[in-house]
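Values below: all heavy atoms of this structure, side chains included; hydrogens, waters and symmetry mates excluded. All residue numbers in this chain count up from 1 along the given sequence.
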Amino acid sequence: MFRDSAIVAYRNLLTILRVPTLLVTATIQPLMFVFLFAYIFGASLGGSQYREFLLAGIFTQTVAFNAAFTTVGLAGDLQKGIIDRMRTLPMSRLAVLMGRTLSDLVVNVLSVAVMVGCGYVVGWRINGGIADAALAFGVILLFAFAMSWVGALTGLLSPTVEVAQSAGLIWLFPLSFISSAFISAETLPGPLRTIAEWNPITAVSAAGRKLFDNDAPPTFAPATGWAADHCVGYAIGCSVAILAVAVPLALIRYRKVASR
């Protein structure tokens, strides 16, 4: 199964190399968000200190949005009949999905690396220790892997690539912005504040800030509650819970579409 997964992942990475616009999308979009929020909105939200606060949220939002690569990639393989070809091969069914999510994890690593360089340009710094920084990136990439499985399930449920493109983003935008990725969740009204406090994107962003030792601007109300106090453990727990639900559902759906 591991060998089959590696072969499928290698095939997907070759596709990205041969269609470089896919790689450009994975790197240019996060850079646009960094500069947009850092300089256009950041000046009124806290300047240089807001830029330090911002980067962990941008990391988290980007890896969440990159789940669309998995969604569109699997929907395209289904539409082109590639899944049907793989079904005839003596390989594990899990390998097809694992290979796709692993190759997209590599893309996420590259996206995060590009954003780290961009972050240093705009003034972001890792103020904590090396071990804490490594744990922060581990939490972010674990969340990226979990979101890729959600993207895989969405792609397998989509009848066409066009539907997959819309379905892969339509729920991500509200999930990203009803969070503390860019602002303090304490400023949101009523139910939105509750949603934001327990949102996995809030947890991963907060865990990154805590481990990078990036403070919020003094004008931002500090986060309160159990999820905020235990943001690292909660972020890891959210990713594990997403995997526990999305992996079996994606496998069940794959068996259905592969047996048609």
Side-chain angles (χ1 to χ4, degrees), residues 20-69 104-144 147 169 172-188 196 199-223 228 231-232 235:
T21 53
L22 296 175
L23 196 58
V24 170
T25 302
T27 54
I28 297 300
Q29 178 178 293
L31 296 184
M32 290 173 59
F33 274 108
V34 170
F35 286 109
L36 176 68
F37 280 90
Y39 289 110
I40 296 180
F41 299 122
S44 60
L45 292 174
S48 60
Q49 199 160 0
Y50 175 73
R51 290 195 286 273
E52 285 219 339
F53 172 86
L54 171 69
L55 260 293
I58 291 288
F59 292 155
T60 306
Q61 185 217 38
T62 297
V63 299
F65 273 44
N66 281 353
F69 285 101
D104 291 338
L105 182 61
V106 173
V107 173
N108 276 308
V109 170
L110 179 60
S111 295
V112 170
V114 170
M115 284 187 293
V116 167
C118 181
Y120 268 78
V121 171
V122 302
W124 172 76
R125 296 293 183 268
I126 296 174
N127 300 316
I130 295 176
D132 285 343
L135 178 58
F137 287 121
V139 170
I140 291 167
L141 292 174
L142 176 62
F143 181 65
M147 293 302 293
L169 292 175
L172 271 174
F173 272 100
L175 187 71
S176 296
F177 287 99
I178 306 176
S179 73
S180 68
F182 309 112
I183 60 169
S184 170
E186 302 299 309
T187 61
L188 295 172
N199 188 336
I201 289 181
T202 292
V204 176
S205 301
R209 292 179 187 120
K210 180 177 181 178
L211 295 167
F212 292 138
D213 195 17
N214 295 150
D215 294 328
T219 55
F220 278 31
C231 56
V232 177

Task: Non-hydrogen side-chain atoms of Q61 and F177 separated by less than 4.5 Å - done: yes

Task: Euclidean distance, I140 CD1 relative to L135 CG, rounded to 0.5 Å - done: 10.0 Å

Open item on the list: Donor-acceptor pair, distance only, cut-off 3.5 Å: does the side chain of S179 make one with the backbone of S176?
Closed with: yes

Open item on the list: Is there a side-chain contact (heavy atoms from CB on, under 4.5 Å) between L141 and L105? Walk through the geometry before answering.
Closed with: CA-CA 7 Å; L141 292 174; L105 182 61; 4.3 Å; yes

Open item on the list: Just so I know, are the side chains of V34 and V122 near enough to count as touching, which here means a heavy-atom distance under 4.5 Å?
Closed with: yes

Task: Approximate separation, where rounding is to 0.5 Å, of M115 CE and I58 CD1 - done: 7.5 Å

For residues 201-210, which side-chain N or O atoms pair as donor and acceptor with protein atoms under 3.5 Å away, sequence neighbours left out?
residue : atom : partner : partner atom : Å
T202    : OG1  : S180    : N            : 3.0
T202    : OG1  : A196    : O            : 2.6
S205    : OG   : T60     : OG1          : 3.4
S205    : OG   : I201    : O            : 2.8
R209    : NE   : F53     : O            : 2.7
R209    : NH1  : S180    : O            : 3.0
R209    : NH2  : F53     : O            : 3.2
R209    : NH2  : S180    : O            : 3.0
R209    : NH2  : A181    : O            : 2.8

Open item on the list: Please list all pairs meeting side-chain hydrogen bond (donor to acceptor under 3.5 Å, both in side chains) that have one or both residues in residues 106-128, counting only residues at least two apart or in different chains.
Closed with: E52-N127, N66-N108, N66-S111, W124-N214

TODO: Heavy atoms only: give me the nearest I126-A133 pair and the separation to one decimal.
DONE: CG2-CB, 3.8 Å

Open item on the list: Using a 3.5 Å distance criterion without hydrogens, assess whether the side chain of Y50 forms a donor-acceptor pair with backbone atoms of F182.
Closed with: yes

- [ ] Kindly indicate whether the side chain of V116, heavy atoms from C-beta on, has any atom under 4.5 Å from the side chain of F137.
- [x] yes

